[in-house]
Structure formats: structure tokens, C-alpha cells
Amino acid sequence: MASQRLLVDIHTHVYLPRYVSFLRARSSAPRIFSRSSAEGKKEDRLLILDGEPSAGRPMGPQYWDREEKLGFMDKHAIDISVVSSANPWLDFLPASTARTLASELNDDLEMYCSTSPSLAGDTLKRLYGFGLLPLVPEVTIPSLVETVQQISSLPHLKGIIMGSRGVGKGLDDDALEPVWAAIEKAGLVVFVHPHYGVDGKEWGDKDNGHVLPLALGFPFETTIATTRLILSGVFDRYPDLRVLLAHSGGTLPQLSSRLASCIDHDPVVASRLKHDARYYLGKLYFDAVAYGAEELAFVSDAIGRAEKFVHSGSSAALSKGAGVAQRRLGSSRMLFGTDHPFFPPLSGTQKWKSVIENLEAIDGVYGWDAAEKEAVRGGNALALFGLAHS
């Protein structure tokens with residue numbers, strides 16, 4: 001089985017059984033509770049944030065059962081999934097509890113992955129994972145570094161999923177410097193994923209369900225968190241740090257030239273950075289969970305031009321006449337994902353739209369040839385996570 005033929009899902013979540021039990025025991029958000037549906041049937045609901053529309057969302061075994069995950073993969077011909085715990089992670093816990101639970105959940109995820117089936121005729125497992133750090137206020141930085149080392153020692157965990165708040169002051173907090181250094185040294189991939197969105201007052205009074213928080217709030221949160229990382233100089237100090245952004249990087253690709261212009265007009269900020277802001281997009285990785293070929297093409301263009309903007313204050317004219325070669329270059333940092341188990345089909349017999357639309361989007365990008373499309377579907381993930389197969 002050629003590596004470029006594998007379909008690898010790098011944006012797929014799980015609520016491990018230990019975590020589910022923990023949420024069931026809670027009486028305030030985040031929590032899992034039971035209620036009667038409109039049809040009079042008992043249903044579990046997941047309430048992630050207070051005031052969430054529709055009193056949360058329905059929750060079933062697809063959220064925690066490994067056989068459900070593998071069945072989903074089989075249904076959609078997904079060969080390998082790199083699984084991450086879904087938000088809200090450990091953000092709501094005191095430091096001592098968060099540290100203990102992080103260690104236990106990392107061990108649980110290693111077991112979840114290591115005992116999964118192998119690919120037919122291959123040494124690779126079908127499941128790998130992103131571990132968790134106890135990123136909460138009052139946690140000690142040495143304990144975070146120790147957890148990085150724990151994750152690094154677990155052979156089926158290939159990275160760390162993070163929200164945007166760090167230990168309370170964001171990912172650009174100077175206190176996190178030893179953590180970035182440890183992650184870079186360990187060679188782990190950081191998956192930056194949103195949870196809080198933006199201030200809910202921005203959504204107004206009309207009932208639009210989860211549409212505005214998920215479609216706009218989540219990507220805006222990722223955009224802000226990543227921009228703050230860029231402005232802090234983290235990618236200059238840790239040039240080998242590998243960061244993967246959820247939801248195709250939010251609006252960062254679309255706003256990166258505006259960001260560069262604003263930096264150029266602020267000497268204090270500009271003095272912190274070695275490169276033009278657009279350069280840093282070429283240091284990042286992006287999932288291909290954008291649901292449209294044109295959106296993926298734009299992100300790929302923004303990545304592909306990065307090396308032209310190595311110098312601060314570069315001119316937009318550097319991209320003139322780039323053509324599809326630039327787009328093809330950018331594809332090497334984009335990776336297929338599904339966001340399972342969220343956005344299920346309305347009928348249990350249907351395939352998931354999140355899979356179909358994201359695969360169709362990859363297939364429809366103008367300028368990507370067959371090799372680039374296969375790489376986005378799987379080859380790029382195998383390279384990023386060091387998943388060599390026999």
C-alpha cells in the first residue's frame with residue numbers, strides 16, 4: 001500500500017471514558033446530563049459552556065467508543081486517524097486535579113491507540129493521538145514540562161492539543177517559554193484548536209443556534225491566538241516548533257497581508273520579529289477542514305508565497321505572476337480532517353457531510369495535481385507525524 005494512497009484524518013476527536021465519567025459527575029458546565037427528548041426518550045446531552053444554544057448537543061457512544069470511531073473510519077475508507085481529546089479539555093479544573101487527570105488521560109489515549117488494529121499488511125496502527133497538558137492557572141511550569149516529557153515517552157502520541165488560553169494569559173505568555181522549548185526538543189506537533197470563540201454578545205438576540213459561534217467564533221479565536229504567537233516571536237525563537245491550526249487557520253491567511261502592513265506601521269512590534277508576517281504562514285501547518293475548494297486554494301496560496309516574504313517590510317509585488325506553482329507548493333502543509341464526531345448526518349445510514357465535502361474540496365482545488373491531492377489526503381500527515389509504514 002503506497003503511503004500517498006492512505007487517507008489520514010488529523011482532525012478527529014474523542015471524549016475518553018474516564019473523561020466522560022468525570023463530566024457526568026459534574027452539576028455545572030462543562031457536564032454531561034440526561035433528559036427526555038421531545039419523543040419522550042432518554043438522551044444524553046453535552047453542555048460545554050454556560051448559555052450554550054439548545055442546552056448543548058446530543059451525545060452518544062460515537063463520542064467515546066473506539067469501535068464507533070473505527071466503524072466511522074471504515075464507512076469512509078479512512079485508514080488512520082490522529083485522535084485528540086475534544087474541548088474543553090482541562091481548562092475548568094484546579095491545577096492539582098488537572099495535572100493528575102492529564103497524566104491519566106494521556107495514558108488512556110496511549111492504550112486506546114496502541115491496542116487499536118494495525119493496517120492490513122502494515123506495521124502502522126489505525127489510531128494515533130494528541131496528548132493533553134494541564135494548561136490551567138496556578139499550574140507550575142515544571143509540571144507542564146514533565147507532562148510534555150510523558151507524552152513524548154508514549155509511542156503512539158505524536159503531539160499535543162492546545163486551546164488558546166495557555167495558563168490564563170494566552171499562548172504568547174512569557175511563562176510558556178520552557179514549554180515551547182520542551183515541545184520543540186521532543187519533536188511533538190502542537191494542534192491549536194478553539195473552544196471559547198468570541199464574546200457571545202456579538203451574536204445578537206436572534207436564535208441562530210450554534211451557527212455563528214461555530215462558523216465564525218471558533219475560526220476567529222484561532223486567528224487571534226495564532227497572530228499573538230507570531231507577534232510574540234515564538235516562531236523566531238523556536239524555528240523547529242511545528243504548529244497545526246484547526247479549521248484551515250481561521251481567517252489568518254486572508255488577513256496576513258493586512259497584518260504585515262499593520263506591523264510595518266508599528267516600530268515597537270516590528271522590532272520583535274525577524275521576518276515579514278506573511279513568512280510565518282510557511283512555518284505553520286493547516287488542516288483542510290474548510291469545506292470548499294476555493295478556500296483551500298486561498299490558504300495554499302498564502303502558504304506557498306511565504307518564502308518570498310522572508311524580509312520585514314516586503315512588497316506585495318513579490319507575489320506577482322506566481323501562478324499555480326505557488327499554490328502547489330503551499331499544499332505540502334495542508335492535511336485532511338473530518339471534525340468527527342461533530343456534525344453527524346441526520347440519518348444514521350448516511351455518510352458524513354464533513355467527510356464528503358472536505359474530500360470534494362481537496363479534489364476540486366485548481367492547480368493541485370494528483371500527487372498534491374493525495375499528499376493532502378494522507379501523505380503530508382504521514383510525513384508530519386513520522387508514520388513510516390512497511
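Remember, it's a predicted structure, so these values are computed and weren't measured experimentally.
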**OP:** Would you check if Arg305 and Ser257 make a side-chain contact, meaning some heavy-atom pair closer than 4.5 Å?
**Re:** yes

Original post:
Quick one: does Leu252's side chain get under 4.5 Å of Ile230's, heavy atoms only?
Top reply: yes

**OP:** Please report the shortest heavy-atom distance between Pro253 and Gly250, naming the atom on each side.
**Re:** CD-O, 4.0 Å

Original post:
Stepwise, does the side-chain contact (heavy atoms from CB on, under 4.5 Å) test hold for Arg126 with Ser118?
Top reply: CA-CA 6 Å; Arg126 296 197 65 192; Ser118 298; over 6 Å; no

Original post:
Would you say the side-chain atoms of Arg327 pair up with the backbone N or O of Tyr366, donor to acceptor, closer than 3.5 Å?
Top reply: yes

Original post:
Ser153: what forms a side-chain hydrogen bond (donor to acceptor under 3.5 Å, both in side chains) with it, not counting sequence neighbours?
Top reply: none

**OP:** Hey, could you give me each pair passing salt bridge (charged side-chain N to carboxylate O under 4.0 Å, His left out) that has a residue in residues 203-225? Not counting sequence neighbours.
**Re:** none

Subject >> Heavy-atom pair of closest approach, residues Ile10 and Ala381 >> reply: CG2-CB, 3.7 Å

Original post:
Are Glu43 and Lys41 ion-paired here, with the side-chain N under 4.0 Å from a carboxylate O?
Top reply: no

Original post:
Considering residues at least two apart in sequence or located in another chain, which fulfil the side-chain hydrogen bond (donor to acceptor under 3.5 Å, both in side chains) criterion with Asp369?
Top reply: Arg328

Subject >> ring-ring contact (aromatic ring centres under 6.0 Å, His included) contacts touching residues 248-293 (sequence neighbours left out) >> reply: His275-Tyr279, His275-Tyr280

**OP:** Verify side-chain hydrogen bond (donor to acceptor under 3.5 Å, both in side chains) between Tyr19 and Asp108, making sure each step is shown before the conclusion.
**Re:** CA-CA 10 Å; Tyr19 189 71; Asp108 289 351; over 6 Å; no

Subject >> N-O pairing of Arg377 and Asp363 below 4.0 Å >> reply: yes

Subject >> Residue pairs passing the ring-ring contact (aromatic ring centres under 6.0 Å, His included) test where at least one lies in residues 107-132, sequence neighbours excluded >> reply: Tyr128-His156, Phe130-Phe191, Phe130-Phe385

Original post:
Closest heavy-atom contact between Val136 and Pro94?
Top reply: CG2-C, 4.4 Å

Original post:
What closest approach, in Å, do His195 and Asn87 show between heavy atoms, and which atom pair accounts for it?
Top reply: ND1-ND2, 2.9 Å

Original post:
Is the backbone N or O of Val148 less than 3.5 Å from a side-chain atom of Ser152, with the two atoms forming a donor-acceptor pair by type?
Top reply: no

Original post:
For Arg99, does its backbone N or O pair with a side-chain atom of Ser103 as donor and acceptor, under 3.5 Å?
Top reply: no

Subject >> Within-4.5 Å side-chain heavy-atom neighbours: Ser81 and Ile78 >> reply: yes

Original post:
Is there a path of hydrophobic side-chain contacts, each under 4.5 Å between heavy atoms of I, L, V, M, F, W or Y residues, that connects Leu132 with Met111?
Top reply: no

Original post:
Between Val190 and Leu244, is any pair of side-chain heavy atoms under 4.5 Å apart?
Top reply: no

Original post:
Hey, are Ser164 and Arg228 close enough side-chain-wise for a donor-acceptor pair under 3.5 Å?
Top reply: no

**OP:** Kindly state each residue pair satisfying ring-ring contact (aromatic ring centres under 6.0 Å, His included) with at least one member in residues 293-317, sequence neighbours excluded.
**Re:** none

Original post:
Thr251 and Thr223: which non-hydrogen atoms are nearest, and at how many Å?
Top reply: N-OG1, 2.7 Å

**OP:** Please name the pair of heavy atoms, one in Ile263 and one in Ala270, separated by the smallest distance, quoted to 0.1 Å.
**Re:** O-CB, 3.5 Å

Original post:
Is there a side-chain contact between Thr226 and Leu171, using heavy atoms and a 4.5 Å cut-off?
Top reply: no

Subject >> Salt-bridge contact Arg237-Glu177 (side-chain N to carboxylate O under 4.0 Å) >> reply: yes

Subject >> Side-chain donor or acceptor of Arg35 paired with backbone N/O of Arg45 under 3.5 Å >> reply: no

**OP:** Check whether more than 12 heavy atoms from other residues, nucleotides or ligands sit under 6.0 Å from atom NZ of Lys373, and answer yes or no.
**Re:** yes

Original post:
Would a distance-only check, ignoring hydrogens and angles, find a side-chain to backbone donor-acceptor pair under 3.5 Å from Thr100 to Ser96?
Top reply: yes

**OP:** Sort and list the pairs that fulfil salt bridge (charged side-chain N to carboxylate O under 4.0 Å, His left out) and have at least one residue in residues 246-275, not counting sequence neighbours.
**Re:** none

**OP:** Indicate yes or no for a side-chain donor-acceptor contact from Glu184 to the backbone of Asp240 under 3.5 Å, with no hydrogens or angles considered.
**Re:** yes

**OP:** If you link ILVMFWY side chains whenever their heavy atoms are less than 4.5 Å apart, which other residues fall into the same cluster as Phe33? By chain and number, please.
**Re:** Leu47

**OP:** Identify whether Leu212 and Leu214 are in the same connected component of the hydrophobic contact network (ILVMFWY, side-chain heavy atoms under 4.5 Å).
**Re:** no

Original post:
Taking a hydrophobic cluster as the set of Ile, Leu, Val, Met, Phe, Trp and Tyr residues connected by side-chain heavy atoms closer than 4.5 Å, whether directly or through intermediates, do Leu384 and Met162 fall within one such cluster?
Top reply: yes

**OP:** Provide the full list of ring-ring contact (aromatic ring centres under 6.0 Å, His included) pairs with a residue in residues 213-257, sequence neighbours left out, each pair given once.
**Re:** His11-His247, His193-His247

Subject >> Hydrophobic cluster membership, Val310 vs Leu259, 4.5 Å side-chain cutoff >> reply: yes

Subject >> Derivation of the side-chain hydrogen bond (donor to acceptor under 3.5 Å, both in side chains) call for Thr338 and Trp352 >> reply: CA-CA 9 Å; Thr338 66; Trp352 292 51; over 6 Å; no

Subject >> Note, Lys158 side chain near Leu188 side chain (heavy atom, < 4.5 Å) >> reply: no

Original post:
When you measure from the side chain of Thr97 to the backbone N and O of Leu93, does any donor-acceptor pair fall under 3.5 Å?
Top reply: no

**OP:** Count the heavy atoms belonging to other residues, nucleotides or ligands that lie under 6.0 Å from NZ of Lys125, then report whether that count exceeds 12.
**Re:** yes

Subject >> For Phe342, ring-ring contact (aromatic ring centres under 6.0 Å, His included) partners two or more places apart >> reply: His13, Tyr63

Original post:
Among all residues two or more places apart in sequence or in another chain, which pass the side-chain hydrogen bond (donor to acceptor under 3.5 Å, both in side chains) test with Lys69?
Top reply: Thr12, His340

**OP:** Spell out, as yes or no, whether a donor-acceptor pair under 3.5 Å connects the side chain of Asp172 to the backbone of Ser232.
**Re:** no

Subject >> Within 45° cone of Trp64 ring axis and under 6.0 Å: Arg24 NZ or CZ >> reply: yes

Original post:
Is it the case that Asp339 and Ser354 place a side-chain donor and acceptor less than 3.5 Å from each other?
Top reply: no

Original post:
How many angstroms lie between atom CG of Leu335 and atom CG of Asp9, to the nearest 0.5 angstrom?
Top reply: 10.5 Å

**OP:** Examine Leu359 and Ile356 and state if one hydrophobic cluster contains both, with Ile, Leu, Val, Met, Phe, Trp and Tyr joined whenever side-chain heavy atoms are less than 4.5 Å apart.
**Re:** no

Original post:
Any side-chain heavy atom of Ser319 sitting closer than 4.5 Å to one from Gln326?
Top reply: yes

Original post:
How long is the span from the CZ atom in Arg26 to the CZ atom in Arg31, to the nearest 0.5 Å?
Top reply: 9.5 Å

Original post:
Is Leu135 close to Leu176 at the side-chain level, that is, under 4.5 Å between some pair of heavy atoms?
Top reply: yes

Original post:
Tell me the salt bridge (charged side-chain N to carboxylate O under 4.0 Å, His left out) pairs involving residues 278-292, sequence neighbours left out?
Top reply: Asp276-Arg278

**OP:** Show the numbers, then the answer: is there a side-chain contact (heavy atoms from CB on, under 4.5 Å) between Gln150 and Leu154?
**Re:** CA-CA 7 Å; Gln150 177 211 11; Leu154 299 172; 4.2 Å; yes

Original post:
Distance-only, no hydrogens or angles: does the Ser315 side chain make a donor-acceptor pair with backbone N or O of Leu318 under 3.5 Å?
Top reply: no

